[in-house]
Amino acid sequence: MTVRVRFAPSPTGHPHIGNIRTVVFNWLYARQNDGQFVLRIEDTDRTRYVDNAIPVITDSLRWLGMDWDEGPEVGGDYGPYIQSKRLDIYTQKAEELIEKGWAYRCDCSAERLNEVRERQRAQGDTPMYDGHCRDLPAGAVSPDEPHVIRLKVPREGETLVRDLLHGDIAFDNRLLDDQILLKTDGYPTYHLAVVIDDHMMGITHIMRGDDWISSTPKRVLLYQAFGWEPPIYAHVPLVLGPDGKKLSKRHGAVSIDEFRRQGYLPEALFNFLALLGWAPGEGDEQEVFSRAELIERFRLERINLASAVFDYNKLNWMNGVYIRALDTETLLDHLIPFWADAGLIPTPVPAEMLHTLRVLVPLVQERLKTLRDVVELTDFVFTDIDRPTIEKLLPKKMTPAQSLETVRQVQALLADLVHFDAESMEAPLRQLAKDLDIKPGQLFGIMREALTGKQVSPPLFGSIEALGREKTLQRLERAEDVLMEHLKRQA
RNA sequence: GCCCCCAUCGUCUAGUCUGGUCUAGGACACAGGCCUUUCAAGCCUGGUACAUGGGUUCGAAUCCCGUUGGGGGCACCA
C-alpha cells in the first residue's frame, strides 16, 4: 500500500508554526515511504476566507523545502484539491446518507438552537442538538426550503477511535452531537468534506493535532455510514508557548513568514520543528540533522504524546549552528537582503561595496543567531556614529592626556599604513601599545569606541578594514577633538 | 459542567512497551573557569528532574489503581 498523507489547511491567514510542525511529520513520513504528500485547501467557510491565503500557504511550504505531489499549482489525479470546487460531490453524498437513514434534514432556526443550548448550559449539561427534527417523517422538511443536513448519531453504544499513537479511545455515542454535515448555504462542514475527500483521495494516514481527538468519533461514524474503511489516525501533540498555553501571537513569531523575516534559515527551522515531539532515541543523542537524515531516521511510532513548548532559545542556538556551517559566499547571499532591508546598503550592491561585505561576513558569522543580527552588528560601517563621550574614551587607569596621545599615534600609524587591511595593522598596533606602555586591551578599547561607537563589536582589525581608511581617520580625528576639548576645559 | 488526551531537569528530550546495567544520559538556557582586543565561537566544570498516594514485585522512572496538575474539545469554524 502506497502511503498517502495530506495537509489540509483552511485559507484563513498565515499558517501557524504549530500546524507546520505537524506538516513536517506528515511530509517526512511521505518522503520516507516513497509515498505521496497531498495539499488540499479546505475553504468551506466563506465567512473566514482570506483572499491571499493560498499563495501564503504554498510559499511557506516551499520556503521550508516541503513540496507536494498533488494539490494546487501541481494538479493530480484526485482533484480538484480545493473543496469549494467539489460542492456537488458533498451534496450528493449527503443525500445518499439521508437515503441510507444515516442523516436527516433539519430546519430549526438559529434562535431555537441558541435557546436549547442556553437551557442545557444552565442545567450543567453538555450543549448539543436536542433531536427536534431527527425523527420527523420523510419529507416533513422540504428539500427546497432552507435547511441543514445532520448526521443521525446512534443513540446507544460506543464508537472506537483507533489511533496509532494513543491506542483505542472509546466514546459514548450518547455524548456525540448530531453534527451538521451540510450547511444552509449548501457548503459542507469540515466533518463531511474531510471524510469524503480523504476517502476519495486515497489518504492512508492522518497525522494531525490531538485537539481533533474529540471530534474523531463523528468521522469514524461517517466512515461506517458510507461503508468505507477509515484511514490510520495518529494524533500528535500540540505546540505550546513558553507559558504552557497554546502557542499564539503574543508568544512571538508564529507564522512561517515571520521566522523568515527575522532571519531564520529554513533548514534550521525545519530541523528544529522535527525535534518538537520526536527524537531518534535508542541512545542516539544527535540533534542536528540534514533533511535527508530526517527523512531516513524519522519514526512515526516514536512521536511523543506530551505537548511540547516552543523554545525560541534553542531555535536560536540551532539557527546559529546552521549559519556557522555556511560558506562565506552563501552566507553573503543570505545576508544581503537583511542589510538592504535595514537601509544600510543599496540593491543591487555596487561592486566596491561587495568587497566590504566580504570582509564583514567572516567577522560576523560566528556571532549571528539570526541573519537579521547582522544589522545591529555592522551598522557602524554604513552609517554615521554618535560623537563619542569623553568617558568612553578613557579606559581604567588612563588619563585624558594619555588617551589623546594614543589616538594621535594610532592616527599616524593608520594614515601611513601601506596595505589597509586587518593583517597588516595588527603587529604595528600591538607594538604601539608596548611603546606607549599601555595594555593592548586599553588601546583597542579606545579604538573600538572611537571607530565603532560600541563597547562590543566584531573583531577590531577586520572592522577597521571594512570601515576603510577615510572613515577611520575621520572618526579618530573626532575622538581627538573630544579629548582636546576636555583637556582645554580642565585647564 | 461534561467528555477526551497528557505527566522525567526551567525548556526539548533519552530511558517506560521487553521492571534490575539509572546514585536517571544528552541538548538549549543558566553559573563559574580556560582561551582572548570586546562580544561571540570553542573547550572544561557545576546546579537543577522521575507530580503525588497506594498497590504488584526480591526489586519500579519503568506495570496497575486513585489523586493532583496541565492541555484540548463540547458551532450552520476548521
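Sequence lines set the chain letters: A, B, ... in the order given, protein chains first and strands last, and positions in each chain run from 1. Just so it is clear, the model here is predicted, and its values are computed rather than measured.
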**Q.** Trace of the side-chain hydrogen bond (donor to acceptor under 3.5 Å, both in side chains) decision for A:Thr12 with A:Arg48
**A.** CA-CA 6 Å; A:Thr12 54; A:Arg48 294 204 308 160; 4.8 Å; no
Q | Short side-chain N/O contact to B:U13 OP1/OP2 from A:Arg302, under 4.0 Å | A |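 No, because none of the side-chain N or O atoms of A:Arg302 sits under 4.0 Å from OP1 or OP2 of B:U13.
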**Q.** Distance below 4.0 Å between A:Thr44 side-chain N/O and B:A78 OP1 or OP2
**A.**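 For A:Thr44, the contact criterion (side-chain N or O under 4.0 Å from OP1 or OP2 of B:A78) is met.
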Q: Might you work through the side-chain contact (heavy atoms from CB on, under 4.5 Å) test for A:Tyr322 and A:Leu326, ending with a clear yes or no?
A: CA-CA 7 Å; A:Tyr322 275 81; A:Leu326 259 26; 5.8 Å; no
Q.
Does anything in residues 147-164 of chain A come within less than 4.0 Å of RNA chain B? Heavy atoms only, and list the residues if so.
A.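 Those residues whose heavy atoms fall under 4.0 Å from RNA chain B, taken from residues 147-164 of chain A in numerical order, are A:Val148.
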Q) Looking at residues 180-188 of chain A, who's got a heavy atom less than 4.0 Å off RNA chain B? A)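 Contacts with RNA chain B under 4.0 Å: A:Ile180, A:Lys183, A:Thr184, A:Pro188.
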Between [N] ([atom2]) and [X] ([atom1]): distance, integer Å:
| X | N | atom1 | atom2 | value |
| --- | --- | --- | --- | --- |
| A:Met318 | B:C12 | CE | C1' | 10 Å |
| A:Asn304 | B:C12 | CG | P | 9 Å |
| A:Glu423 | B:U37 | CD | P | 16 Å |
| A:Phe171 | B:C74 | CZ | P | 12 Å |
| A:Asp243 | B:G71 | CG | C1' | 12 Å |
| A:His235 | B:C6 | NE2 | C1' | 14 Å |
| A:Leu269 | B:C12 | CG | C1' | 15 Å |
| A:Asp210 | B:C3 | CG | P | 19 Å |

Whole-angstrom distance between [N] and [M], as gauged at atom [atom1]:
| N | M | atom1 | answer |
| --- | --- | --- | --- |
| B:A29 | B:G42 | P | 9 Å |
| B:A49 | B:C9 | P | 9 Å |
| B:U56 | B:G66 | C1' | 15 Å |
| B:G25 | B:U16 | C1' | 15 Å |
| B:G20 | B:G15 | C1' | 14 Å |
| B:G72 | B:G26 | P | 33 Å |
| B:G10 | B:C30 | C1' | 9 Å |
| B:U8 | B:U52 | P | 12 Å |

(Q) Quick check on the 6.0 Å ring-centre criterion: do A:Phe444 and A:Phe461 meet it? (A)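 That pair passes the under 6.0 Å test.
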Q. Quick one: are the ring centres of A:Phe259 and A:Phe310 less than 6.0 Å apart?
A.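 Yes, the ring centres sit under 6.0 Å apart.
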Q | Atom pair CD1 (A:Ile256) and CD1 (A:Ile17), whose distance is rounded to the nearest 0.5 Å | A |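 The CD1 atom of A:Ile17 is 3.5 Å from CD1 of A:Ile256, to the nearest 0.5 Å.
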(Q) Checking A:Asp172 against A:Arg174 for the salt bridge (Lys or Arg N to Asp or Glu O under 4.0 Å) test, could you report, in this order, the C-alpha distance in whole Å, the side-chain angles of both residues, the deciding distance, and whether it holds? (A) CA-CA 5 Å; A:Asp172 188 334; A:Arg174 277 163 298 201; 3.1 Å; yes
**Q.** Test applied, salt bridge (charged side-chain N to carboxylate O under 4.0 Å, His left out); reference residue, A:Asp197; option that passes from A:Arg6, A:Arg86, A:Lys85
**A.**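 Single salt bridge (charged side-chain N to carboxylate O under 4.0 Å, His left out) partner of A:Asp197 among A:Arg6, A:Arg86, A:Lys85: A:Arg86.
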Q. Which of these, A:Arg134, A:Lys218, A:Lys152, sits in a salt bridge (charged side-chain N to carboxylate O under 4.0 Å, His left out) with A:Asp178?
A.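 Result: among A:Arg134, A:Lys218, A:Lys152, A:Arg134 is the only option passing the salt bridge (charged side-chain N to carboxylate O under 4.0 Å, His left out) with A:Asp178.
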**Q.** Option passing side-chain hydrogen bond (donor to acceptor under 3.5 Å, both in side chains) with A:Arg208 (candidates A:Thr216, A:Thr22, A:Asn26)
**A.**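 So the option named by the test is A:Thr216.
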Watson-Crick/G-U partner (both atom distances under 3.5 Å) of [N]:
| N | answer |
| --- | --- |
| B:G1 | B:C74 |
| B:G19 | none |
| B:G47 | none |
| B:U56 | none |

**Q.** Side-chain heavy atoms of A:Val239 within contact of A:His16, under 4.5 Å
**A.**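 No; the side chains remain at least 4.5 Å from each other.
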Q | Mutual orientation of the aromatic rings belonging to A:Trp278 and A:Phe298 [parallel < 30°, tilted 30-60°, perpendicular > 60°] | A |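 Tilted, since the angle between the ring planes falls between 30° and 60°.
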Q: Classify every nucleotide of nucleotides 17-36 of chain B by which part a protein heavy atom approaches to under 4.0 Å, writing B for the base, S for the sugar-phosphate alone and - for neither, in 5'-to-3' order.
A: --------BBBBS-------
Q. Would one find more than 12 heavy atoms of other residues, nucleotides or ligands at under 6.0 Å from atom NZ of A:Lys439?
A.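 Counting other residues, nucleotides and ligands, NZ of A:Lys439 stays at 12 neighbours or fewer.
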Q) If each of A:Ala110 and A:His166 is mapped to the nucleotide of RNA chain B with the nearest heavy atom, which maps nearer the 5' terminus, i.e. the 5' end? A)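 Per heavy-atom nearest nucleotide, the more 5' residue is A:His166.
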Q. RNA chain B: A:Arg121 or A:Gln455, which has the more 5' nearest nucleotide?
A.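 Nearer the 5' end of the strand: A:Gln455.
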Q.
Could you walk me through whether A:Arg299 and A:Glu282 satisfy the salt bridge (Lys or Arg N to Asp or Glu O under 4.0 Å) test, starting with their C-alpha distance in whole Å, then the side-chain angles of each, then the deciding distance to 0.1 Å, before giving a yes or no?
A. CA-CA 12 Å; A:Arg299 286 291 172 275; A:Glu282 292 165 353; over 6 Å; no
Q) Does the B:G72 base have a donor-acceptor partner in the side chain of A:Ser214 within less than 3.5 Å? A)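 Answer is yes: a donor-acceptor pair is held.
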Q) So A:Thr370 and A:Asp373, side-chain hydrogen bond (donor to acceptor under 3.5 Å, both in side chains) or not? Walk me through it. A) CA-CA 5 Å; A:Thr370 68; A:Asp373 288 346; 3.1 Å; yes
Q. Where the side chain of A:Arg117 is defined as all heavy atoms beyond and including C-beta, which of B:A78, B:U37, B:A75 is the nearest nucleotide?
A.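 The answer is B:A75.
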